[in-house]
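Just so we're on the same page: letters track the sequence lines, and every chain starts at 1.
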Protein chains: 2
Amino acid sequence: MQLDLRVDRSSPVPLYFQLSQQLEAAIEHGALTPGSLLGNEIELAARLGLSRPTVRQAIQSLVDKGLLVRRRGVGTQVVHSQVKRPLELSSLYDDLEAAGQRPATSVLVNTVVPATAGVAAALGVPEGDDVQRIERLRLAHGEPMAYLCNHLPSGLLDLDTAELEATGLYRMMRSAGITLHSARQSIGARAATAAEAERLTEAEGAPLLTMQRTTFDDTGRAVEFGDHIYRPSRYSFEFQLLVRP
Amino acid sequence: MQLDLRVDRSSPVPLYFQLSQQLEAAIEHGALTPGSLLGNEIELAARLGLSRPTVRQAIQSLVDKGLLVRRRGVGTQVVHSQVKRPLELSSLYDDLEAAGQRPATSVLVNTVVPATAGVAAALGVPEGDDVQRIERLRLAHGEPMAYLCNHLPSGLLDLDTAELEATGLYRMMRSAGITLHSARQSIGARAATAAEAERLTEAEGAPLLTMQRTTFDDTGRAVEFGDHIYRPSRYSFEFQLLVRP
DNA sequence: TCAATGCGTATGTCCGGACAATCGGACTAC
DNA sequence: GTAGTCCGATTGTCCGGACATACGCATTGA
């Protein structure tokens, strides 16, 4: 059966985007089965009344997402694998919500402090400058799951404690008009100190998963530096990697 | 000063690729300073004797890498940040070699075994089928750094022990004509068992960093399943994330 | 039988042009 | 003085076509 693809030329949504979304949806719910050929671009373009570059742009975006594979002389195939989503710059809050965990946050500290050497270096501000410091405890099912310590340049964002508990930090930054661009991340492990153990209801010396992250906006400014620890029995980092061809 | 950009039309290397490489090199060694405008596409195309789509394709590839930011009505800017490389599907061996660590590998086990339930599920083969099992110890500076246990579908690759010690598994797969496409990865932490502790010269109960990974080729076949443990004092996962715009 | 050749097909690269959407600043009107 | 408007600049989208290149398969030849 032929796939029912249509584009709406009166819509402000770009044509290539309309097409790529429809193709992605078709792959998602199985109308396009893994391994099947997509049919050649020329014919597809003719069928939709689009030009070939537009169709190629749509297909290319799905190739970049890892959903399709092109082979010269052969055609474009749906990749069959458990590929769900590539690694994205997401927040713990979003991750949990996507997993249907209904996360709860309790803000322990929300204040302005002078930047220590480490924080200053990460954020690219002079040592001793005012920075916003927040400490949060993330709970899932009433159990502590992670302890999050973040620093932000002062004045970047109005960090209302109540809002911080109701939503995530990243969501607040985005809705404040900050366009996140990239992040440098480091994941490790170490033994819990006595203080950390108590906060997370673990034993002293228990293994902890650690993550440090510096996030940049599209002007290259550091907008956030986070130092997080997770209970490995409750959380692990799951993600998908794509090979850069 | 104007940037010295040139393309060689007699070269088999695509023009857009030549251009993007030159731009990337210019950014790398500072000829294009962060925050500077790149000059508009039309003029750049005219200067190089290229069409605008070609120039756009070159620029787009650098935007995808996170090196440039385009702003409608403004121009294309070099992003100024510590962005070096986005997350790639790389092997521990490559990582270490890039860091100048001269890694050493000792192959502990290289044999064929029937697949356990877990391995079978990860590789998508029937339980009990023959699979290749390799266990390796990775050393840096003479110290054990990681214990790597991998399973591969039987017959996929000729795994010579000597070659395995001289190079990495991924490199062997690539040179065998397998085109890696994506991988699903999970990073966690836990306490060392007595056996693990001994292999890595740690104490029993010491925190360990763990990673499981299933790698797929471009046909969607699982080609490798790895279960690795790292000494957190010697290794952590460092990477860069880009926001999907 | 098996290897080399040729051919059809599909994607890869490239061109030149057109118009739309958005940003930032200058100008104008109140 | 301030807010709104216009305008130039620049990227975003889209078109239609042309030729190159690689893969798979059938045909041909030794």
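For the residue pair B:D8/B:Q18, the side-chain donor-acceptor check at 3.5 Å is not satisfied. With hydrogens and angles left out, the side-chain atoms of B:S186 and A:E238 include a donor and acceptor closer than 3.5 Å. Judged purely by distance below 3.5 Å, without hydrogens or angles, the side chains of B:Q60 and B:R70 pair a donor atom with an acceptor atom.
Between A:T54 and D:dT13 there is no side-chain N or O to OP1 or OP2 distance below 4.0 Å. Between A:R52 and D:dG17, a side-chain N or O to OP1/OP2 separation shorter than 4.0 Å is absent. One finds no side-chain N or O of A:Y16 lying less than 4.0 angstrom from the OP1 or OP2 phosphate oxygen of D:dC14. A close approach under 4.0 Å does occur between a side-chain nitrogen or oxygen of A:R70 and OP1 or OP2 of C:dG12. Between B:S51 and the phosphate of C:dG17, there is no side-chain N or O to OP1/OP2 separation shorter than 4.0 Å.
The CG-C1' distance, from A:L15 to D:dC15, rounds to 11 Å in whole Å. D:dG12 atom P lies 12 Å from atom CG of B:N40, rounded to whole Å. In this structure, CD1 of A:I42 is placed 10 Å from C1' of D:dG17, rounded to the nearest angstrom. Look at CD on A:Q18: it is 12 Å from P on D:dT13, rounded to the nearest Å. Rounded to whole Å, atom P of C:dG16 lies 15 Å from atom CG of B:L44. Between the CD atom of A:E41 and the P atom of D:dG17 there is a distance of 16 Å, rounded to whole Å. Nucleotide C:dC14 holds its C1' atom 17 Å from the CD atom of B:Q60, rounded to whole Å. If you take CG of A:L68 and P of C:dT11, they are 11 Å apart, rounded to a whole angstrom.
Comparing A:P12 and B:Q57 against DNA chain C, the residue whose closest nucleotide sits nearer the 5' end is B:Q57. Nearer to the 5' terminus of DNA chain D, by closest-nucleotide assignment, is the contact made by A:V55 (compared with the other of A:V55 and A:G73). Heavy-atom distances to DNA chain C give each of A:R71 and B:R9 a nearest nucleotide, and the one nearer the 5′ end belongs to A:R71.
Considering CG of B:L19 and CZ of B:R56, their distance stands at 13.0 Å, rounded to 0.5 Å. Rounded to the nearest 0.5 Å, atoms CD (A:E224) and CD1 (A:I134) are 8.0 Å apart. Atom CD1 of B:I27 sits about 4.5 Å away from atom CG of B:L68, to the nearest 0.5 Å.
Taking five base pairs at each end of the helix from C:dT1-D:dA30 to C:dC30-D:dG1 and finding the rotation axis that steps the C1' atoms of four pairs onto the next four gives two axes whose angle is 10°, to the nearest 10°.
Checking D:dC23, D:dT13, C:dA10 against the side-chain heavy atoms of B:R56 singles out D:dT13 as nearest.
If you check every strand for non-hydrogen atoms under 4.0 Å, B:P14 touches sugar and phosphate atoms only.
Tested against A:L44, the residues A:L50, A:T76, A:L5 include a single side-chain contact (heavy atoms from CB on, under 4.5 Å) partner, A:L5.
Shown here are the salt bridge (Lys or Arg N to Asp or Glu O under 4.0 Å) partners of B:R9, two or more places apart in sequence or in another chain: there are none.
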